[in-house]
Amino acid sequence: MEDRLAIVSNTPHTQHDFPISLALGIFDGHRGPWAADYISVELPRRLLVEPHRDRRAIFEELDHSMLGDFRNTHSRRSKFAQKLGIRQRGKEDAARRVLSGSTALVAELDRASMRVHNVGDSRGVFYDAHQASAVPQDGGRAVSTEYKLMLKYQPLVAIGKRLFGQQLATRSFGDAYYKLPLYGHKHFISELSKYQSHSSTSMQTNYATLFHDYKTPPYLTARPERLDFAPNFFHLQSHPKNLGILASDGLWDNVGNEEAVRILREASGGVNLAEYLLDKVVMNQDGRLPGDDTSIIVMRPTAATN
């Protein structure tokens, strides 16, 4: 299981100082869990403690810091330091975090409003009971949107609707091999290859094939898309049948936006809505489980109490 999820809130004594009180996230990992492990902890924390900073900057700075940690611990200079007996802490962790990758779908809620940020092909769908309509955070076209971005910005390396024939998303954390500078790229790929599983195709051995047109990096970004919701969408006084679904692509490969909302609206009280949704999707697929890891968070307003 390479997916991770996070539900993080400010402690009571900080809620008066920071307007954002809750961050929920789906982190869809690939090539290992290490990037998803790291950003599922670090990204919500940074968003909660820096509420007034530009969100795009926080996302991109976190990704840049991961890349910087790897370069600092695996450069030729650092290898010379090792020969002198200077120990480098966290060297393996730094490499594994960028050898792997992760998308990120994060919702921030304060006392009155909600903002959703998306890096990659996970999706948020939000049902407004007043409007009787489901609003997909990405317009319902996550995969096709990624491909359109690829054709727009990287047409020469879009092979079989994938970046270099390998990577589907154009936005992710980690995945250093498509972000490292051209100078020294082969050296860093050699370093990353040391941490690959034995069952994986060696990037070092197949460098000429995998990176034959690697000329104008970076090819990936951690810059998020953002969607702002009207005040009170998930406030205590909002419609009790409003719904929010945050899920990785393992769910959306098997069910559409409207169908997912319909399933949840039919659920009886007291059930775990995320488990209920997945069970119904599996049942509708004749018992076949999704072919990918699937993580789901379902949001629904709680009735106010006196």
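Side-chain contact between Ile245 and Trp252: present, with at least one pair of heavy atoms (C-beta onward) separated by less than 4.5 Å. Residues Asn257 and Arg123 are in side-chain contact: their nearest non-hydrogen atoms beyond the backbone lie under 4.5 Å apart. Put simply, the side chain of Asp249 does not reach to within 4.5 Å of the side chain of Thr103, judged on heavy atoms. A 4.5 Å side-chain heavy-atom check between Phe70 and Leu99 finds every atom pair outside the cut-off.
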When you look at Met203 and Phe211, which way does the side chain to side chain contact (heavy atoms under 4.5 Å, CB included) test go after all the steps? CA-CA 9 Å; Met203 291 188 292; Phe211 303 102; 4.3 Å; yes
Given the rule in the side chain to side chain contact (heavy atoms under 4.5 Å, CB included) test, do Val106 and Phe27 qualify, once you have shown the distances and angles that lead to the verdict? CA-CA 8 Å; Val106 180; Phe27 306 91; 4.0 Å; yes
Verify side chain to side chain contact (heavy atoms under 4.5 Å, CB included) between Asp175 and His30, making sure each step is shown before the conclusion. CA-CA 9 Å; Asp175 294 323; His30 48 266; 2.8 Å; yes
Chi angles and distances behind the side chain to side chain contact (heavy atoms under 4.5 Å, CB included) call for Thr294, Asp3: CA-CA 7 Å; Thr294 303; Asp3 286 10; 5.5 Å; no
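Interatomic distance, CG of Leu251 versus CG of Leu246, reported as 11.0 Å (0.5 Å rounding). Remark: Leu109 CG to Ser9 OG distance equals 11.5 Å, nearest 0.5 Å. One finds the CG atom of Leu220 at 10.5 Å from the CZ atom of Arg171 (value rounded to the nearest 0.5 Å). Atom CG of Leu264 and atom OH of Tyr276 lie 8.0 Å apart (nearest 0.5 Å). Taking CZ from Phe173 and NZ from Lys179, the interatomic distance works out to 7.5 Å, rounded to the nearest 0.5 Å. A distance of 5.0 Å separates CD1 in Ile58 from CG in Leu47, rounded to the nearest 0.5 Å.
A distance-only check finds no donor-acceptor pair linking the side chain of Asp69 to the backbone of Thr73 [under 3.5 Å]. Put simply, the side chain of Ser295 never gets that close to the backbone of Ser248: no donor and acceptor are under 3.5 Å apart. A donor-acceptor pair is defined here as one N or O able to donate and one able to accept, closer than 3.5 Å; no such pair exists between the side chain of Ser190 and the backbone of Lys186.
Under 4.0 Å is where a charged nitrogen must lie from a carboxylate oxygen, and between Arg97 and Glu42 no such pair does. Ionic pairing of Glu61 and Arg46 is not present here: no N-O contact between side-chain nitrogen and carboxylate oxygen is shorter than 4.0 angstrom.
Cluster annotation: Val298 and Met283 are assigned to distinct hydrophobic clusters (Ile/Leu/Val/Met/Phe/Trp/Tyr, side-chain heavy-atom contacts under 4.5 Å, transitive). When the side chains of ILVMFWY residues are joined at heavy-atom separations under 4.5 Å, either directly or via intervening members, Leu273 and Leu278 end up in a single hydrophobic cluster. Two different hydrophobic clusters hold Val41 and Val119 under the rule that ILVMFWY side chains link at heavy-atom gaps under 4.5 Å. No continuous path of ILVMFWY side-chain contacts below 4.5 Å connects Trp34 to Leu192, so the two sit in separate hydrophobic clusters.
Screening His212, His187, His185 for a ring-ring contact (aromatic ring centres under 6.0 Å, His included) involving Tyr207 leaves a single residue, His185. The side-chain contact (heavy atoms from CB on, under 4.5 Å) with Phe126 is formed by just one residue from the set Leu243, Val116, Asn242, Val261; it is Val116. Arg55 pairs with exactly one of Glu50, Glu60, Glu108 by the side chain to side chain donor-acceptor pair (under 3.5 Å) rule, that one being Glu108.
A pairwise comparison of heavy atoms in Ile297 and Gly25 identifies CD1-O, 3.7 Å as the closest pair. Taking all atoms of both residues into account, the shortest heavy-atom contact from Gln196 to Ser202 is OE1-CA, 3.5 Å. Among all heavy-atom pairs drawn from Ala247 and Leu105, the shortest one is N-CD2, 3.9 Å. Among all heavy-atom pairs drawn from Asn254 and Gly250, the shortest one is ND2-O, 2.9 Å. Considering every non-hydrogen atom in both Ala6 and Pro44, the closest pair reads CB-CG, 4.1 Å. Nearest approach of Ile296 to Ile26, heavy atoms of both residues: N-CD1, 4.0 Å.
In this pair, His74 and Tyr195 present their aromatic rings perpendicular. The plane angle is above 60°, beyond the 30 to 60° band.
Ring centers of Tyr177 and Tyr214: at least 6.0 Å apart, outside the cut-off.
Partners of Arg56 by salt bridge (charged side-chain N to carboxylate O under 4.0 Å, His left out), not counting sequence neighbours: none found.
Residue pairs meeting the salt bridge (charged side-chain N to carboxylate O under 4.0 Å, His left out) criterion with at least one partner in residues 264-282, sequence neighbours excluded, are Arg262-Glu266.
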